[in-house]
2 protein chains.
Amino acid sequence: MAQLANRQILLHARPNGVPKPSDFRLEHASVPQPAEGQILLRTIYLSLDPYMRGRMNDGPSYATPVGLGEVMTGGTVSRVEASRHPAFKTGDLVAGMSGWQDYALSDGRDLTPLDGIPQPSLALSLFGMPGFTAYHGLLNIGQPQPGEMVVVAAATGAVGSVVGQIAKLKGARAIGIAGGADKCHYAVSVLGFDACIDHRAPDFAEQLAAVTPNGIDVYFENVGGAVFDAVLPRLTLGARVPVCGMIAHYNDTQLPPGPNRVPLLMRHILTQRLHVEGFIIFDHFTTGFADFLRDMGQWVKQGKVMMREEFIDGLEHAPKGLIDLLAGKNFGKVVVRVGTP
Amino acid sequence: MAQLANRQILLHARPNGVPKPSDFRLEHASVPQPAEGQILLRTIYLSLDPYMRGRMNDGPSYATPVGLGEVMTGGTVSRVEASRHPAFKTGDLVAGMSGWQDYALSDGRDLTPLDGIPQPSLALSLFGMPGFTAYHGLLNIGQPQPGEMVVVAAATGAVGSVVGQIAKLKGARAIGIAGGADKCHYAVSVLGFDACIDHRAPDFAEQLAAVTPNGIDVYFENVGGAVFDAVLPRLTLGARVPVCGMIAHYNDTQLPPGPNRVPLLMRHILTQRLHVEGFIIFDHFTTGFADFLRDMGQWVKQGKVMMREEFIDGLEHAPKGLIDLLAGKNFGKVVVRVGTP
């Protein structure tokens with residue numbers, strides 16, 4: 001009988017609003033055996049990201065939801081434990097999508113080799129999906145010009161921190177929005193934002209106006225809610241709004257109360273000639289990921305872009321990690337340490 | 001003493017909601033005399049357009065509002081009555097922006113010669129601002145591909161009718177939305193739309209779904225309101241939404257009641273990777289108007305694009321004409337006959 005050594009965190013119930021620990025379930029399964037052409041992976045790091053909340057819902061979205069009783073989806077850094085695939089050998093370090101579990105099989109198509117990378121967990125942030133999200137959304141949709149004003153919320157998070165740093169190295173000005181004085185201080189003193197506003201401040205909108213006297217040329221949208229309401233009237237003629245997420249609404253169970261602000265939004269889009277465009281980064285890996293890796297590699301080497309990581313020890317704490325992430329309690333990229341390197 | 005022969009319609013009061021006849025005032029002024037370099041114009045046709053409602057409001061918009069007691073702004077076709085400008089001579093026919101009055105002066109910079117054009121009133125629709133609006137918004141932002149589905153409201157109006165006809169000649173399919181069976185019949189049988197839905201029908205959203213079984217690839221937004229609500233869930237992956245106007249809201253005095261549908265709109269923008277972009281056609285005359293005139297001239301000559309005009313006789317009826325236009329009572333392009341050709 002196979003050893004039940006594969007810990008898995010499954011979706012136990014679909015959350016109604018804010019996810020609860022009881023929406024997840026820890027089970028022990030047997031370690032799977034690779035067939036010809038397959039690789040057995042052992043998870044070392046698991047990435048926690050806001051998009052995971054969407055996968056816990058049923059109903060149509062851009063990706064198939066996680067089924068009830070299925071392993072939660074997620075990006076991972078893994079060690080090859082056994083390989084029946086010619087391109088991978090035991091001991092290789094790879095980035096993939098093993099999900100919330102100790103062991104997974106892969107046919108190799110979704111794996112990126114990480115050999116020689118000094119800090120492999122960064123494959124889940126700077127050199128992975130969050131970094132690429134910031135890069136693609138800011139440069140291809142936002143298109144900041146030197147001297148223009150870029151604003152991004154969740155400014156110390158995995159995506160927002162990279163948006164600000166790339167904006168600066170492209171010669172734009174960058175204003176961050178974050179929750180609390182510590183994060184704001186970090187955004188300015190370490191990440192190099194020109195200013196950072198605490199969205200919890202009662203005079204948040206006035207502070208935002210004060211640091212964007214000539215308006216906002218690029219707003220990288222990843223939160224929605226009250227932040228977007230404060231940004232909207234400050235968008236300049238021809239401003240660009242790449243829409244990457246709206247974490248403020250992921251736990252919503254119904255639409256917010258009125259009035260209906262859609263006509264106001266559309267009037268701004270019209271009179272200010274705004275360009276608002278949504279994107280899902282998974283569309284762009286085949287066309288843009290190589291360029292991104294090359295640019296990001298140079299910037300990191302030059303010390304122009306960095307990433308703060310917050311590690312959580314133990315797969316069993318991943319549910320609380322995601323719940324806290326959705327509540328804005330994290331500070332930097334959240335990575336779960338699942339196994340020993 | 002100068003003859004008080006210049007009838008002018010002035011903005012008398014800023015409307016609160018739907019404009020009333022008493023928001024306008026007819027006055028008689030003296031006919032102005034051209035100085036050196038100026039031209040005296042006599043208005044023959046005055047264009048009525050939805051954007052005029054916005055100019056009656058105070059407060060910031062993309063254009064300076066009409067001041068209280070000032071002549072209402074508007075596009076015109078005029079005869080040169082007297083010229084002290086080397087490029088224009090008495091009797092020339094020109095398009096310009098004389099506004100709601102019999103006579104106006106110009107320095108020539110805003111005038112387009114119309115000599116040899118068989119139907120000069122079309123300079124206010126097919127060959128003017130509305131036609132250019134349809135052309136630029138549909139082709140440069142909407143970018144319909146052969147076989148794609150284009151939807152436009154106010155489908156028999158000056159802009160919407162051209163959107164549909166250009167969509168068809170580019171190989172796309174075109175669905176119109178209009179108010180009433182007569183307009184819908186006309187949109188299909190004369191303008192060549194594939195179908196046209198009456199937005200007043202109680203099952204409007206279901207009818208729209210039935211004629212767009214594979215969704216909507218381009219929605220040319222000129223109305224807002226309930227039409228936009230019905231279109232939003234049908235937009236396909238990567239759909240384009242050029243935002244040209246929102247006539248359903250021009251008379252609003254406050255935002256509609258809740259819920260606040262902005263998060264729903266932004267979620268669609270994100271998950272469907274929508275490209276929503278506003279434009280104001282006055283930005284594009286210097287760069288795109290010549291190309292437009294060339295293309296439109298060919299299409300009209302080939303019988304591929306036409307325009308239905310609705311004439312109102314007498315400058316004094318212009319206020320009622322605009323009020324009716326904003327209520328959707330017009331059928332085609334509304335032109336006021338101000339003077340004898």
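Residue numbers start from 1 in every chain, and the chains themselves are labelled A, B, ... in the order their sequence lines are given, proteins ahead of strands.
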Problem - Heavy-atom pair with the smallest gap, counting every atom of B:Phe220 and B:Val159 - result: CE2-CG1, 3.7 Å
Handout entry: Distance, nearest 0.5 Å, that separates CG of B:Leu293 from CZ of B:Phe132
Key = 8.5 Å
Problem - Short side-chain to backbone donor-acceptor contact, A:Asp23 and A:Lys20, under 3.5 Å - result: yes
Handout entry: Pick from B:Cys244, B:Gly224, B:Pro242 with the largest number of heavy-atom pairs that fall under 4.5 Å of chain A
Key = B:Cys244
Exercise for the section: Heavy atoms only: give me the nearest B:Pro130-B:Ala158 pair and the separation to one decimal. Expected result: CB-CB, 3.7 Å
Handout entry: Atom group of B:Pro256 that falls short of 4.5 Å from chain A, counting heavy atoms
Key = both
Problem - Best-contacting candidate, A:Leu255, A:Leu270, A:Ile269, against chain B by heavy atom pairs under 4.5 angstrom - result: A:Leu270
Exercise for the section: Name the member of A:Ile280, A:Thr271, A:Asp283, A:Asp229 that forms the most heavy-atom pairs with chain B at distances under 4.5 Å. Expected result: A:Ile280
Practice task
Have a look at B:Arg240 and tell me which of B:Glu148, B:Glu221, B:Glu277 forms a salt bridge (Lys or Arg N to Asp or Glu O under 4.0 Å) with it.
Solution key: B:Glu148
Exercise for the section: Would you mind telling me which of B:Leu264, B:Leu265, B:Val276 has the largest number of heavy-atom pairs within less than 4.5 Å of chain A? Expected result: B:Val276
Problem - Which atoms of A:Pro263 approach chain B - backbone, side chain, both or neither, heavy atom under 4.5 Å - result: both
Problem - chain B contact via A:His275 - side chain, backbone, both or neither, heavy atoms under 4.5 Å - result: both
Problem - Region of A:Gln254 that comes under 4.5 Å of a non-hydrogen atom in chain B - result: neither
Completion exercise
A:Asn251 and A:Arg53 have their tightest heavy-atom pair at OD1-NE, 2.7 Å
